[in-house]
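Here the structure is laid out as structure tokens; the discussion comes afterwards.
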Amino acid sequence: MRTYRRTVVSRLPAALAILAICAVPARAQERTYLVELGAGGIYQSYDGATDLKGAVGGVGRLGVWLPANFSLEVGASFAKPKTDVTDLLGNTTSVGVKARTISGAVLYNILIGTKSSFLIKAGAGSTKYGGDCAGVRTICGSGSSLIGGVGFRAGLTPTVMARSDLELNRNKSSTRSLTNFGVSVGVGVMLGSRPIPDTDGDGIQNNRDRCPDTPSGAQVDGRGCPADEDADGVPNGVDRCTGTAAGAAVDARGCPKDSDGDNIPDGLDRCPDTPAGVLVSPNGCPKDSDGDGSPDGLDRCSDTPRGATVDVLGCPGDEDGDGVLDGLDRCPRTPTGAAVLPNGCVAGQAAGQPAPAVAPTPSPAVPDTTRRQRPTPTPRNVPRAQPPPAQPPAQPSAQPPSGNAPSQNPPAAVGKITAGVVPGVGFAPGTARLSSTSYVALDSIASILIADPSTTVEVSAHTDNSGSAAEGMRLTGLQADAVRDYLVLKGVPYQQVVSKGYGSTVPRTPDTTPAGRAANRRVEIRVVVPGP
């Protein structure tokens, strides 16, 4: 009995594995296939029962590709193996026998790389041995066959492929069953193939792209889906702020939004409407170091004692001038010059009750050191403001002005504004906190401006040259703002007052002695738009 050609059969799987390793893809399949037309050579090994020797022949194929990488293929192969025939005289002659196989098979194609693929096939066919069987002593006739095999396509170009197949052909007739093996090598041409599109241009073809609407420029993974390193919803490649904190709201560029400009992004900001200039905590809410209700950054007096009432600048007032701040003062109407306790009350006075009568001092020449003296208030009219001759100067009210709220009934206006220094207006050293001596003069100015709303004035603050120029400009700007804010609190329309800080750029005197420096630290007023 003839043996099979095991050498060729055993070496083919190893050759196919080497081809597969060499064809490992760098990219996905780039084309779709419609029709495969191929041809090649075949070496056919026959079952020993046929008494046929292995032979070389040819093979042709026509395949149609289906969805999901399946294809249908019909093929035909032929060979002319030889067999030894002995005549009656004992002479042995080698005779060729035609062997033809026609088959149909279903193929599953495993795509590799951009142009290559493995294939597995199974089908059925018919094999015919010999032509005229008269006088032939070897196998002859036709029989059905079952076909199975594996193969590999190696892309030479996008449409031309080298193909190698290992095929088993199981023949069966009414009298016997035969098993033949064949190895073929040939070329296939893909007719009607076309490139697989990449609709979103991310480098992943549509057949493998799981996210087909990726934005232009986005970086994607092997499935075609965008990578988003900071999980803000804007993919890498489009995201211009890749380190966005988790939970922050971002714009179309992937950068955090900050509606109130406090450097805490929306989404993390628990107070998204913080006023400009306010200092905030990490959650975006205003800080208030002294707990006076005026946030840090806007608070001009950031060390206000707890419980004191403050004005819009965050500075405390002392309505009765007794040295105890409003809010802490339990007797806020203490008479001028009375000695008070730490709670703002005169000895023996109950909180909220009028102060007891105080006997006049016997001799003004001997000061009473037990009593706190209040500075004598200056007249309410602005220096150099010219009052009408027929009217006496306005007298200060019995109750000193409060810096916390506008006066509901400002004193009657007297005279007009005259440009120059406003005496008595001062600040705590190095701050924009108005001193209590400033109120009388500023109240007089407020009354004049309220009575003459057509007049617009400029309030300017100046300092000496003892500090840096930049610091001087900053401080005097805040001081001028504080004067304007006070006038507005007293009822003057905001647009009627212009504030400006000049630093040390407009000295009143070049004198650098302490007296000269004090003269340069001043507040001036001038009329910008005169009234009728």
Side-chain angles (χ1 to χ4, degrees), residues 275 292-294 298-301 308-321 325-327 332-333 377-388 391-427 432-461 477-500 523-532:
D292 62 357
S294 182
L298 298 182
D299 194 342
R300 304 293 170 78
C301 304
T309 57
V310 296
D311 59 18
V312 292
L313 299 177
C315 293
D318 182 10
E319 183 180 3
D320 53 9
L325 300 176
D326 296 342
R333 299 293 185 267
T378 57
R380 280 189 177 274
N381 56 305
V382 179
R384 291 189 282 174
Q386 303 300 320
Q391 292 184 349
Q395 298 299 321
S397 63
Q399 297 179 1
S402 169
N404 296 324
S407 174
Q408 299 300 320
N409 298 298
V414 181
K416 292 185 177 295
I417 302 295
T418 301
V421 177
V422 184
V425 177
F427 305 90
R433 186 189 305 173
L434 282 167
S435 63
S436 59
T437 60
S438 307
Y439 299 148
V440 174
L442 294 181
D443 283 351
S444 182
I445 292 174
S447 65
I448 294 173
L449 293 177
I450 292 172
D452 186 7
S454 61
T455 297
T456 302
V457 297
E458 178 190 85
V459 174
S460 59
L478 295 176
Q479 291 173 341
D481 288 346
V483 173
R484 178 179 61 183
D485 291 342
Y486 182 87
L487 295 174
V488 171
L489 283 171
K490 291 298 180 180
V492 178
Y494 185 87
Q495 65 272 16
Q496 202 172 348
V497 183
V498 178
S499 65
K500 187 170 183 181
V523 171
E524 294 186 357
I525 190 168
R526 70 182 181 89
V527 176
V528 178
V529 178

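Along the sequence shown, residues carry numbers from 1.
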| Ser499 side chain vs Val459 backbone, donor-acceptor pair below 3.5 Å | no
| request: Indicate the atoms forming the closest heavy-atom contact of Gly424 with Ser435, along with that distance. | output: O-OG, 4.4 Å
| field | pair Gln479-Val523: side-chain heavy atoms closer than 4.5 Å | value | no
| message | So, taking the atom named CG in Leu449 and the one named CG in Leu487, what distance separates them when rounded to the nearest 0.5 Å? | response | 6.5 Å
| Is there a side-chain contact between Arg484 and Val488, using heavy atoms and a 4.5 Å cut-off? | yes
| query | Can you name the closest pair of heavy atoms from Ala482 and Ala432 and give their distance? | reply | CB-O, 3.5 Å
| Side-chain contact, heavy-atom cut-off 4.5 Å: Leu434 with Leu442? | yes
| message | If you compare all heavy atoms of Gly426 against all heavy atoms of Ser438, which two are closest, and at what distance to 0.1 Å? | response | N-OG, 2.9 Å
| remark: Heavy-atom nearest pair, Ala441 first then Pro423, reads CB-O, 3.8 Å
| request: For Val310 and Pro316, work out which heavy atoms get closest and say how close. | output: CG1-N, 3.8 Å
| request: Could you tell me whether the side chain of Tyr486 reaches within less than 4.5 Å of the side chain of Val492, counting heavy atoms only? | output: no
| Taking all non-hydrogen atoms of both residues, which atom of Val528 and which atom of Val457 are closest, and how far apart? | CG2-C, 3.8 Å
| Within the side chain of Gln496, is there an N or O that forms a donor-acceptor pair under 3.5 Å with the backbone of Thr455? | yes
